[in-house]
Structures are given as structure tokens and as C-alpha cells.
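Below, each value reflects all heavy atoms present in this structure, side chains not excepted, and no hydrogens, waters or symmetry copies.
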Amino acid sequence: MTAANHFEEIIVPYNAFIKAGYSVDFVSPKGGAIPIGYINASDSLQKKYLYDGWFMDKLEHTRKPDEIISDNYSVIFYTGGGAAMYGVAEDQAIQKIARSIYNRNGVVAAICHGTAGITYLKDEKGKSLYTGRKITGYPDEFENRNAAYYKTFPFAIDKAIKNNQGNFVYSKNGGDAFYIVDGRFVTGQDPSSAPKVAEEIIKILDNNFKPNAAAKNDLEQIRAVLLDYIEGTANGEPKRLRKAFHPKFNLYTVAKDTLWTRSGEKYISDIKAGEKTNRIGNIISIDIEKDAAIAKAEILIPNWRRFTDYFLLLKYEGNWKIVHKSYSWIELPKQEKK
């Protein structure tokens with residue numbers, strides 16, 4: 001457990017970034033599956049992502065550092081858990097990514113034991129990247145120094161930050177959402193600070209950072225296309241659906257253990273102009289790679305079903321179109337009318 005990645009410290013910021021319209025990738029020193037721990041399945045947000053196959057697949061197939069093009073990113077975020085103490089801080093490729101993002105006016109962020117990842121972070125001349133800046137993380141004072149896990153730790157985070165010319169600060173209360181913003185370094189002390197750390201990162205990006213215009217435009221275009229589908233169906237607007245779909249678009253699902261295919265044209269023909277429904281749609285995630293993207297949405301139809309939609313979108317002739325949709329659903333309990 002002590003060498004795992006803290007699930008809450010992953011999904012809380014991830015959820016905030018996705019809802020703010022940003023896409024997120026995961027990287028680890030060796031790539032591939034990472035150990036996950038500290039899971040609270042009774043927490044609704046954790047449970048949501050724990051049973052999200054698409055999201056968990058991203059954690060199972062994290063990228064290697066040499067697969068990352070740092071110019072495509074605005075933030076590097078070091079999540080916590082004991083695993084952050086091993087192999088992250090000394091990884092030169094990850095340091096290079098962090099340095100590149102920071103030098104491009106980006107944000108370096110960490111939470112709890114994730115701060116271990118920046119303990120050796122230096123600029124091109126070998127000088128600390130955060131000399132004199134306030135940095136927080138999980139303080140050595142709060143560790144169980146008699147426990148077996150602690151005896152395997154390669155260093156104490158607070159001492160290592162100080163050795164790299166940082167000003168380590170923390171709250172003696174613990175669990176009080178303590179965090180620090182100093183320039184473009186955003187750090188949190190423990191899991192309780194995850195929402196505020198994410199909020200501050202987004203604030204910096206929205207107010208001070210100018211992201212790659214083309215990438216941001218792609219994200220906005222995709223969101224608009226998905227809303228054409230979601231709102232066009234809910235509000236009875238066939239013209240919006242034709243804007244969203246490629247002419248050869250198909251829908252796929254499994255019914256009674258049989259693959260069921262439906263053409264986009266048939267789907268549109270069943271939408272009656274001006275006839276509104278009680279469908280409630282929500283975009284869950286968008287992942288873009290050049291001219292291809294995948295997206296996920298949830299569609300709630302009260303007293304009937306909750307649908308989960310997975311989309312494949314492609315960009316051609318300067319526009320994004322939905323070319324494929326696969327979906328599944330669960331039946332919802334019917335509520336009696338009062």
C-alpha cells in the first residue's frame with residue numbers, strides 16, 4: 001500500500017481539469033500500469049472513476065517519459081502516494097519535461113508525497129528551479145518513523161526541498177486543505193488540498209497562460225460538436241445533428257448478446273423537429289491526438305435509462321466530425337409520481 005499511487009489525489013484534480021475543458025495524459029518512469037491504492041469505494045467520485053473502464057485503461061497504459069512532447073502541455077502535476085518516493089525525482093526525462101513546461105510559462109504542481117518528484121528539479125544551469133519559493137508537501141513530522149515503509153524511503157521530502165534551495169512550509173494541523181501558490185508552483189500538503197490545488201492551477205491557466213491556440217481551438221470545436229449531438233437530440237434539432245455527424249456515421253451497441261448497428265441517417269430521421277425530450281447530457285472526457293479524438297458522455301433519461309456514449313471523432317477539411325458512436329446503458333428504477 002505504501003508504494004501505491006493515491007487514487008483520490010489522481011481523480012480529484014483529473015475531474016476538475018476535464019470539466020474545465022483540458023485533456024489529461026498520465027506518465028510514469030517506466031510507462032505502463034501503475035499501482036493504485038488508498039481507494040475509498042464509498043466515495044461517489046472515486047467509485048465513478050474506479051468503474052470507468054476508459055479512465056482505468058489510461059492508468060494501466062501510462063506513457064513513458066520519452067513519449068511525451070512537452071510543448072503540447074501546460075502543466076505537469078505530480079500526484080501523491082508512496083510510489084512517488086521511488087524513481088520519480090531522479091528521472092532525468094521527467095525533469096526535462098517539467099523544466100520545459102515551466103520555461104514555456106507553464107505550471108509545476110504537486111500534492112502530498114508527490115512533492116518528492118520535484119526535490120531535485122533544476123534549471124539548465126544546474127540551479128534549483130524554485131530557489132526561495134514556498135513549497136509544501138507531506139511533512140516528515142507526520143510520518144510514522146517507526147514503520148517499515150518509512151525506513152525504505154530514500155529521503156525526507158521537506159529536507160530534500162530545503163537542500164534544493166526551496167522554502168518548505170506546512171500546516172501543523174494536517175487535513176485542513178493547506179496549499180501554497182508561489183509564482184507558477186502550486187503545491188498541496190495532503191489529499192484534503194486536492195480541490196484547491198486543481199482550482200488554483202486552472203486559475204493560472206485561464207488568467208495568465210496562453211495555451212497553444214490550435215490545440216485549444218480543437219478542444220472547443222470538439223465540445224461544440226458533442227453539444228450539437230447532445231442538445232440536437234434533446235431539443236429536436238435534426239440540422240444540428242447533421243452538423244455533428246459524418247455522413248457515413250454509424251451507432252453500435254450490444255442487445256441480447258448481438259451486435260446492433262444503426263446508421264446516422266436512421267438516427268436523425270427518428271428525431272422530430274421541435275420535439276423536446278427530458279434527456280440530460282454531460283460530456284465526461286475528451287482526449288485529442290492530432291487529427292483524431294475520443295470522447296465520453298453520459299445521457300440520463302429520468303425514470304428510464306442512463307446511457308454511456310463513446311465517440312470517435314476525426315478532423316478533416318478543417319472540421320471535426322463524429323464518425324463512430326458505441327454505447328451501453330443501465331436501467332434506472334422508476335419513481336412513483338406523487
- prompt: Does R262 make a cation-pi contact with Y252, if we ask for NZ or CZ under 6.0 Å from the ring centre and within 45° of the axis?
  reply: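 R262 over Y252 ring: no.
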
Look up atom [atom1] in [X] and atom [atom2] in [Y], then write down how far apart they are to the nearest 0.5 Å.
X: L121; Y: L129; atom1: CG; atom2: CG; value: 4.5 Å
X: D140; Y: Y138; atom1: CG; atom2: OH; value: 10.0 Å
X: I11; Y: M56; atom1: CD1; atom2: CE; value: 10.5 Å
X: F55; Y: D287; atom1: CZ; atom2: CG; value: 12.0 Å
X: I230; Y: L241; atom1: CD1; atom2: CG; value: 11.0 Å
X: I271; Y: T277; atom1: CD1; atom2: OG1; value: 7.5 Å

Say whether [X] and [Y], considering side chains only, have a donor N or O and an acceptor N or O under 3.5 Å apart.
X: E9; Y: Y38; answer: no
X: N103; Y: E124; answer: yes
X: Y179; Y: E200; answer: yes

message: Is any side-chain heavy atom of W260 closer than 4.5 Å to one of L251?
response: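 L251 vs W260: side chains apart.
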
message: Is there a side-chain contact between V225 and F245 in this structure, where contact means two heavy atoms from C-beta onward sitting under 4.5 Å apart?
response: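 SC-SC contact between V225 and F245 ruled out.
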
task: Kindly indicate, with the supporting measurements, whether the criterion side chain to side chain donor-acceptor pair (under 3.5 Å) is fulfilled by D176 and S171.
output: CA-CA 8 Å; D176 59 353; S171 165; 2.6 Å; yes

message: Please determine whether side chain to side chain donor-acceptor pair (under 3.5 Å) holds for the pair N164 and Y130, giving the CA-CA distance in whole Å, both sets of side-chain angles, and the decisive distance to 0.1 Å.
response: CA-CA 8 Å; N164 197 29; Y130 48 79; 3.0 Å; yes

- request: Just say parallel, tilted or perpendicular for the rings of F153 and Y86, cut-offs at 30° and 60°.
  value: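 Perpendicular, since the angle between the ring planes exceeds 60°.
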
Is it true that, when you exclude [X] itself, more than 12 heavy atoms of the residues, nucleotides or ligands shown sit nearer than 6.0 Å to its [atom1]?
X: K321; atom1: NZ; answer: yes
X: Y51; atom1: OH; answer: no
X: K48; atom1: NZ; answer: yes
X: I69; atom1: CD1; answer: no

Any sub-3.5 Å donor-acceptor pair from [X]'s side-chain atoms to [Y]'s backbone N or O?
X: R99; Y: K122; result: yes
X: R63; Y: V27; result: no
X: Q95; Y: A89; result: yes
X: D123; Y: K125; result: yes
X: Q46; Y: N40; result: yes
X: T115; Y: T136; result: yes
X: T62; Y: L59; result: no
X: R306; Y: I301; result: no

Run the salt-bridge test on [X] and [Y] with the 4.0 Å N-O cut-off and return the result as yes or no.
X: R242; Y: D228; answer: no
X: K64; Y: E67; answer: no
X: K315; Y: D218; answer: yes
X: E8; Y: K47; answer: no
X: D25; Y: K58; answer: yes
X: K296; Y: D309; answer: no
X: E141; Y: K172; answer: yes
X: E220; Y: R223; answer: no
X: K266; Y: D270; answer: yes

field: F7/Y14 aromatic ring centres below 6.0 Å
entry: no

Among Y229, Y267, Y310, the one residue meeting side-chain hydrogen bond (donor to acceptor under 3.5 Å, both in side chains) with K325: Y229

- prompt: Do F178 and V12 share a hydrophobic cluster, counting only Ile, Leu, Val, Met, Phe, Trp and Tyr and linking them when any side-chain heavy atoms are less than 4.5 Å apart?
  reply: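 Different clusters.
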
- prompt: Is there a side chain to side chain donor-acceptor pair (under 3.5 Å) between D43 and Y49 once you walk through the steps?
  reply: CA-CA 10 Å; D43 177 82; Y49 280 105; over 6 Å; no

query: Who passes side chain to side chain contact (heavy atoms under 4.5 Å, CB included) against D182, sequence neighbours left out?
result: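 Counting only residues at least two positions away or on another chain, D182 forms a side chain to side chain contact (heavy atoms under 4.5 Å, CB included) with R133, K134, I180.
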
- request: Could you please spell out the steps behind the salt bridge (Lys or Arg N to Asp or Glu O under 4.0 Å) verdict for D71 and R104?
  value: CA-CA 8 Å; D71 286 354; R104 291 180 52 256; 3.6 Å; yes

- prompt: Out of K243, K239, K276, R240, which residue meets the salt bridge (charged side-chain N to carboxylate O under 4.0 Å, His left out) rule with E231?
  reply: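 With E231 as partner, K243, K239, K276, R240 yield a single salt bridge (charged side-chain N to carboxylate O under 4.0 Å, His left out), made by R240.
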
query: Looking at I97 and P65, what are the two nearest heavy atoms and their distance?
result: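 Looking at all heavy atoms of both residues, the shortest contact is CD1-O, 3.6 Å.
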
